[in-house]
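To start, the structure itself, in C-alpha cells.
One is the number of the first residue; the rest follow in order along the sequence. No experiment lies behind these values; they were computed from the predicted model shown.
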Amino acid sequence: MIAQGSPFSLEQFKKDGFCGPVQALTLAEANKYNQLFFETLGMSPFEPGPTQANLSAWHQRYRWAYDLAAHPAIVDPIAQILGDDVVLWAMHFWYKEPGNPKFIPWHQDINYWPMEPAVNATAWVTLGYSLTENGCLRLIPGTHLERVEHVRIGDESSAFEQGIGEERIDESKAVDMEMTPGQVVYFNEATFHGSKANLSEIPRVAFSIRYTTPEVTFKMDDWNGDKSRIRTYLVRGVDRYHLNDGIIGTVPAD
C-alpha cells in the first residue's frame with residue numbers, strides 16, 4: 001500500500017536495516033528528472049519501451065544525474081547514517097518498461113562489492129510510481145545483521161546470476177515498498193532486497209545511489225566488470241584519509 005512519506009528514522013534504519021519511504025524530492029522535481037531520464041534514452045515518458053542503454057554511472061556523464069545523486073534532501077539522511085563525511089561512489093537506474101519479465105532475486109549488495117571495511121548506505125529513489133504491479137522494491141526487515149552466501153539462480157528470467165537461496169528467504173516477512181514520485185528508501189549494504197517482474201502497463205523508473213565514508217578502501221583489483229563505473233565524489237564533509245585518490249571522479253559540466 002502506498003504511504004505518505006515520513007521523516008527519516010535512524011532508529012528504524014538500525015533496527016530493520018532500512019527506512020522509508022521518505023519524501024525527498026518534490027513532485028515537480030521528480031517530474032523534471034523523470035522527463036530528463038526519458039529524454040536521455042531518446043523516448044517519450046508516454047511511450048516507454050525497452051532500452052539497451054547502459055544505465056550505470058549516469059552521474060559521471062550527465063550533470064542533471066550528478067545533481068540528483070548529490071541532492072541535499074537525499075544526502076541529509078545518509079549523513080545521519082554514515083556521519084559528516086560522505087562519499088558518493090555509484091549510481092544506477094533500475095528501469096523496468098511495461099511488460100519487462102525480468103526479476104531481481106533476493107540478494108545482499110555487499111556480496112558484489114570488494115570494500116574494506118564493508119560500510120555502505122543506499123538511497124533507492126523513485127521518479128514515477130513504484131507499485132507491486134510494476135515490480136517495486138521489496139525488502140525483508142532485520143536481515144542486515146548477517147552476511148549470507150549467494151548461490152547460482154539458474155533462472156533465465158533473473159537479472160542476476162547469483163542470489164540468496166530460497167531456503168534462507170521468509171516471504172511472509174517481505175515488505176513491498178510501494179512509493180510515489182520523489183520518495184526514497186534507505187537501506188543497509190546487507191539488507192535482503194529484490195523485486196518482481198513488471199507485468200503492468202506502468203513503467204518503473206527508479207535509481208539507486210551508493211554512499212560510503214572516506215576511511216573505506218575500494219579494492220579495485222578484486223572488482224568485476226567495468227571498473228570505470230566506480231568513482232568517488234566527496235558530497236559532504238572532508239576526506240582526511242585519501243585512500244581512493246586514484247579513482248576520484250570528475251563532476252560533469254553539462
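Put simply, L10 and V119 are part of the same group of oily side chains (I, L, V, M, F, W, Y) that touch within less than 4.5 Å, one to the next. Cluster membership for L234 and V75, using ILVMFWY side-chain heavy atoms within less than 4.5 angstrom, is not shared.
In summary, the aromatic rings of F18 and F187 are positioned with their centroids too far apart to meet the 6.0 Å limit. Taking the six-membered ring for Trp and the full ring otherwise, Y233 and H59 have centroids separated by under 6.0 Å. Note: F207 and H92 fail the aromatic proximity criterion, with ring centroids not under 6.0 Å apart.
You'll find the side chain of P117 reaches within 4.5 Å of the side chain of V216, heavy atoms only. Here the side chains of N198 and E97 are not in contact, with every heavy-atom distance at 4.5 Å or above. Between F37 and M43 there is no side-chain heavy-atom pair separated by less than 4.5 Å. With contacts defined as side-chain heavy-atom distances shorter than 4.5 Å, the pair M179/R204 does not qualify. Using a 4.5 Å heavy-atom threshold, the side chains of L25 and I74 count as touching. By the 4.5 Å heavy-atom criterion applied to side chains, M115 and K219 are not counted as neighbours. When side chains are defined from C-beta on, F13 does not count as touching P77, because their heavy atoms never get closer than 4.5 Å. Side-chain contact between W124 and S130 is present, with at least one heavy-atom pair separated by less than 4.5 Å.
For the 3.5 Å distance criterion, the side chains of Q108 and H144 fail to qualify, holding no donor opposite an acceptor. A donor-acceptor contact closer than 3.5 angstrom links the side chains of K96 and S195. Of the N and O atoms on the side chains of Q183 and T180, at least one donor lies less than 3.5 Å from an acceptor on the other residue. W58 and T40 form no side-chain donor-acceptor contact under 3.5 Å, judged by distance and modelled atom types alone.
Note on residues 67-88: pairs passing salt bridge (Lys or Arg N to Asp or Glu O under 4.0 Å), not counting sequence neighbours, are R63-D67, D76-R236, D85-R240.
Separating the OG1 atom in T212 from the CG atom in L88 is a distance of 11.0 Å, to the nearest 0.5 Å. Note that the CD1 atom of I140 and the CZ atom of R168 stand 11.0 Å from one another [nearest 0.5 Å]. Distance check, rounded to the nearest 0.5 Å: SG of C19 to CG of N188 gives 13.0 Å. The distance from the CD atom of E133 to the CD atom of E178 is 6.0 Å, given to the nearest 0.5 Å. Taken from CD in Q162 to CD1 in I153, the straight-line distance is 8.0 Å, to the nearest 0.5 Å.
Within 6.0 Å of NZ on K14 lie no more than 12 heavy atoms contributed by other residues, nucleotides or ligands. For CD of Q35, the number of neighbouring non-hydrogen atoms (other residues, nucleotides, ligands) closer than 6.0 Å is greater than 12. Taking a 6.0 Å sphere around NZ of K102, one finds it holds more than 12 heavy atoms contributed by other residues, nucleotides or ligands. Shown here is N224, whose CG atom has no more than 12 heavy atoms of other residues, nucleotides or ligands within 6.0 Å.
Partner of T122 under the side chain to side chain donor-acceptor pair (under 3.5 Å) criterion, out of R210, H193, E189: R210 alone.
Heavy-atom minimum distance, G142 versus L145: O-CG, 3.8 Å. Among all heavy-atom pairs drawn from A121 and I78, the shortest one is CB-CD1, 3.8 Å. Summarising the geometry of G17 relative to T191, their closest heavy-atom pair is O-OG1, 2.7 Å, with the distance given to 0.1 Å. In this structure, C136 and D176 approach most closely via the heavy-atom pair SG-CB, 3.8 Å.
The aromatic rings of Y112 and H150 stand perpendicular to each other, their planes meeting at an angle above 60°, with 30° marking the opposite boundary. Ring orientation note: the planes of W89 and W113 are nearly perpendicular, at an angle over 60° on the 30°/60° scale. Ring geometry for H107 versus F160: interplanar angle over 60°, hence perpendicular rather than tilted (30 to 60°).
Residues passing the side chain to side chain contact (heavy atoms under 4.5 Å, CB included) test with E171 are W106, R138, I169, A174, sequence neighbours excluded.
The closest donor-acceptor contact from the side chain of D239 to the backbone of H242 lies under 3.5 Å.
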